[in-house]
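What follows is a single structure, written as structure tokens, with notes after it.
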Amino acid sequence: MRKNDWTRRLSMMASGSIGGDYRRALCVVLSCLVFGISGLALAEVAASPDMRAAARLPEPAPPRLPEALAQQIEQDEQEIDQLLIQSDSVDAAKAQALITTAETLVQTRSQVQGDLWWETMDARQRLAELRGWLALTPGQRAELVQATELSNQVSVLERGRKYEEALVSARTSLDLLGRVWGEGHLNYAYSLHHLSGLYREQHAFAQAVPLYERALAIVEQTVGHMHPSTAIILNDLALLYQKQGVYPKAVPLFQRALEIREQVLGLEHPDTGSSLNYLGVLYLYQEAYTQARPLLERALAIQEQALGPEHLDTAMSLANLGSLYYLEGAYAQALPLVERALAIREKVFGSDHLHTAISLNNLAMLLKKQRAYARALPLVERALAIQEKALGSDHPDTARSLNNLAGLREEQGAYAQALSLYERALAINEKILGPDHPSTVLVRENLERLRLRHHYEISADGSEVTDQNTGLVWRRCSEGMDWNGATCIGEAGTYTHADALQLPGSAGVAWRLPSREELRSIVDMDIHLDLVDGVKLAATDLTIFPNTPTREFWSSTLHRDTRGYGYVEFYDGLSGGSESEEKRFHVRLVRAGRDWEQAGQLRKTQQ
């Protein structure tokens, strides 16, 4: 992209006349974070920009031109910019008039906005570029026109995800600009930035990083550290590190970009809101929810106020704040935000767009957490179909949907399908992202967990389940509850130990009270910290043992110290011994399966 196109866009954004269409859509959290959180440590940052922003300091007033003067300046700048993208020569009188106009623009902006204001710097750059352009040969001007056409072609190819073709055009455009302007020119820097973005989108991170760094060095050297162009490159380099999972490197870059936008665009500018979103999402990846919350809440307030309730950037903010609530287990708070984001994207993009697929994934994963599997399944399947068609079968976003669908099928007990989906997702991530990327690690953990967990066989009527590892046959419902063909309904009873011992006799089958070790065999510590709208879930596989209470369950094992009977807490999986048999705990009945009885692997133990 040519420098003047870039700076004009930025100037217009500063005055609020366009809405930040230069930004790439952020990979909003639910569909990204459904892989899980990476767990990388968050570095301490003293007096970081986001903390100052969260404190809501008084907004600095960026220097503004009087409205009538601003309109005239904009017309003059457009006239010069239009000249700089053509190959035709101009006569001496016209050239002198344009130089005089450009000098007047510098003088006016300097007087009103100050010598160091970014738009004043842009005016100086425009004057220097105009003088340089007037000195070019017709052949050099023709090469600049060709470079601009190639840059536009790159944008079209990029939107069509024809990256190999786009790279050829981008490199040619870069070479032309370097030959005409030199490799220290702003136009060359912006072309470097465009090329590095292409590499980043293809996950060619090793090629992208040095290009971003070169572009950043040129921009900072030419227009300074506090320029919107600097913020854009900082932001994109941070996104690259985020894609790599190198979160500590991304944090200070996002913070610098936010600080620049707050100072030069204002605290309430939509682009400031975007920077708040980026930094807030990065904190979500690092599980720093306390730091993320004020940023995401402020971002949503800015976007709704500045852009309106149905703008795409508002949808992004809705989805990100919904992601925070999701990760905190506040699913009821997250649901309306995620549904609003999906509605906006479907309205703007249509039902088969990639951004719509992101929101479909978000909503599906939220419904999964609320155990609304029937509603969630078609949403994930839609998202996967969109991504496979648009991105192909080997893209990390496709892997994300495969992982999400696998998790949903796992929750529904369709373990063979889930296993195949996890394996596909892992193969994609290992190939594209590498074996140590956080997303790859999380899918691998999901797959390993499923392989360990894939040992339950549910009976034909659904009321019993056999643990194939132990041969034990369990009643799926706690005593006092009933199996209705889909789940356990009613209220789980509590019993003294003596009453619990009588329950098997009334069941009509050889049910019995389990030993403590048998009971502990169905504890699932992966669910230990799960919350649904702030309510702790029982530490067991709730797809196998639905609606299990998060309380104590009696066992038949005598406790060594208390001489009372042992129990297992399904709040955290811990076990203990009761000093009184009159205490009232829950009961789950078990009977030995044939393999278990024949092997004699478990026996009543005293501890």
Side-chain angles (χ1 to χ4, degrees), residues 1-18 20 22 60-136 140-141 144-145 147-148 151 177 180-182 184-191 218-233 260-261 263-266 269 271:
M1 182 181 294
R2 294 182 63 260
K3 183 265 294 184
N4 283 317
D5 294 336
W6 242 52
T7 51
R8 169 148 302 284
R9 251 175 159 177
L10 291 167
S11 300
M12 293 170 71
M13 284 189 286
S15 62
S17 58
I18 66 173
Y22 74 95
R64 299 294 186 192
L65 298 168
E67 184 175 352
L69 181 59
Q71 291 177 354
Q72 182 59 53
I73 285 178
E74 185 173 354
Q75 291 175 9
D76 292 341
E77 289 173 341
Q78 286 176 347
E79 181 182 5
I80 295 171
D81 290 346
Q82 189 62 38
L83 174 71
L84 294 174
I85 61 172
Q86 68 180 40
S87 59
D88 297 337
S89 300
V90 295
D91 59 40
K94 176 66 172 177
Q96 185 56 52
L98 288 169
I99 289 176
T100 300
T101 298
E103 289 173 338
T104 302
L105 291 173
V106 173
Q107 184 179 21
T108 301
R109 285 199 179 275
S110 179
Q111 289 174 348
V112 177
Q113 297 175 297
D115 286 340
L116 299 180
W117 185 244
W118 68 274
E119 288 170 304
T120 305
M121 294 181 183
D122 281 353
R124 288 196 187 95
Q125 288 297 319
R126 183 177 284 103
L127 173 60
E129 187 169 341
L130 175 61
R131 285 172 170 158
W133 183 88
L134 290 169
L136 295 177
Q140 289 174 316
R141 291 174 188 162
L144 290 182
V145 171
T148 300
S151 180
L177 290 171
V180 175
W181 290 123
H185 196 277
L186 270 179
N187 287 343
Y188 189 80
Y190 297 140
S191 189
I218 295 169
V219 170
E220 288 185 320
Q221 177 67 31
T222 307
V223 294
H225 297 275
M226 298 301 292
H227 192 282
S229 299
T230 306
I232 289 175
I233 300 176
I260 292 169
R261 285 170 170 168
Q263 290 195 28
V264 303
L265 301 179
H269 193 277
D271 294 338

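Between Leu177 and Leu144, some side-chain heavy-atom pair lies under the 4.5 Å cut-off. Looking at heavy atoms from C-beta onward, Leu130 lies in side-chain contact with Leu83 at the 4.5 angstrom threshold. A 4.5 Å side-chain heavy-atom check between Leu98 and Glu79 finds at least one atom pair inside the cut-off. The shortest distance between side-chain heavy atoms of Leu265 and Ile260 does not fall below 4.5 Å. Using a 4.5 Å heavy-atom threshold, the side chains of Val264 and Pro228 count as touching.
Looking only at distances, a side-chain donor or acceptor of Thr230 sits under 3.5 Å from a matching main-chain atom of Gly224. Here the side chain of Thr100 pairs a donor or acceptor atom with the backbone of Gln96 at under 3.5 angstrom. A donor-acceptor contact shorter than 3.5 Å is absent between the side chain of Thr120 and the backbone of Leu116.
Contacts of Gln72 classified as side chain to side chain donor-acceptor pair (under 3.5 Å), with partners at least two apart in sequence or in another chain: Asp76. Partners of Thr104 under the side chain to side chain donor-acceptor pair (under 3.5 Å) rule, at least two apart in sequence or in another chain, do not exist in this structure.
Ion pair Arg64/Glu119 not flagged as a salt bridge, since none of the NZ, NE, NH1 or NH2 atoms sits closer than 4.0 Å to an Asp/Glu carboxylate oxygen. Arg109 has a carboxylate O that lies under 4.0 Å from a charged side-chain N of Glu77, or vice versa, which qualifies the two as a salt bridge.
Put simply, CE on Met226 and CZ on Arg261 are 12.0 Å apart, with the number rounded to the nearest 0.5 Å. With rounding to the nearest 0.5 angstrom, the CG atom of Asp122 is 11.0 Å from the OG1 atom of Thr222. Note that the CG atom of Asp81 and the CD atom of Glu129 stand 8.0 Å from one another [nearest 0.5 Å]. One finds the CH2 atom of Trp117 at 10.0 Å from the NE2 atom of His227 (value rounded to the nearest 0.5 Å). Distance check: Asn187 CG to Gln125 CD gives 9.0 Å after rounding to the nearest 0.5 Å.
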Check the pair Ile85, Val145 against side chain to side chain contact (heavy atoms under 4.5 Å, CB included), reporting the backbone distance first and the verdict last.
CA-CA 6 Å; Ile85 61 172; Val145 171; over 6 Å; no

Given Val106 and Arg126, is the side chain to side chain contact (heavy atoms under 4.5 Å, CB included) satisfied, shown in steps?
CA-CA 9 Å; Val106 173; Arg126 183 177 284 103; over 6 Å; no

Pair Tyr190-Ser151, side-chain hydrogen bond (donor to acceptor under 3.5 Å, both in side chains): steps then yes or no:
CA-CA 10 Å; Tyr190 297 140; Ser151 180; over 6 Å; no

Which is it for Leu65 and Gln113 under the side chain to side chain contact (heavy atoms under 4.5 Å, CB included) test, yes or no, and what are the steps along the way?
CA-CA 8 Å; Leu65 298 168; Gln113 297 175 297; 4.1 Å; yes

Pair Glu103, Arg124 - check salt bridge (charged side-chain N to carboxylate O under 4.0 Å, His left out), show working.
CA-CA 8 Å; Glu103 289 173 338; Arg124 288 196 187 95; over 6 Å; no

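A cation-pi arrangement is present between Arg141 and Trp133, with the terminal nitrogen or guanidinium carbon under 6.0 Å from the aromatic centre and inside a 45° cone about the axis.
Nearest heavy atom pair, residue Gly182 against residue Tyr188, reads O-CB, 3.6 Å. The nearest pair of heavy atoms linking Ile99 to Leu127 is O-CD1, 4.0 Å. Nearest heavy-atom pair across Lys94 and Val90 is CG-CB, 3.9 Å.
Within 6.0 Å of CD in Gln86 there are more than 12 heavy atoms belonging to other residues, nucleotides or ligands.
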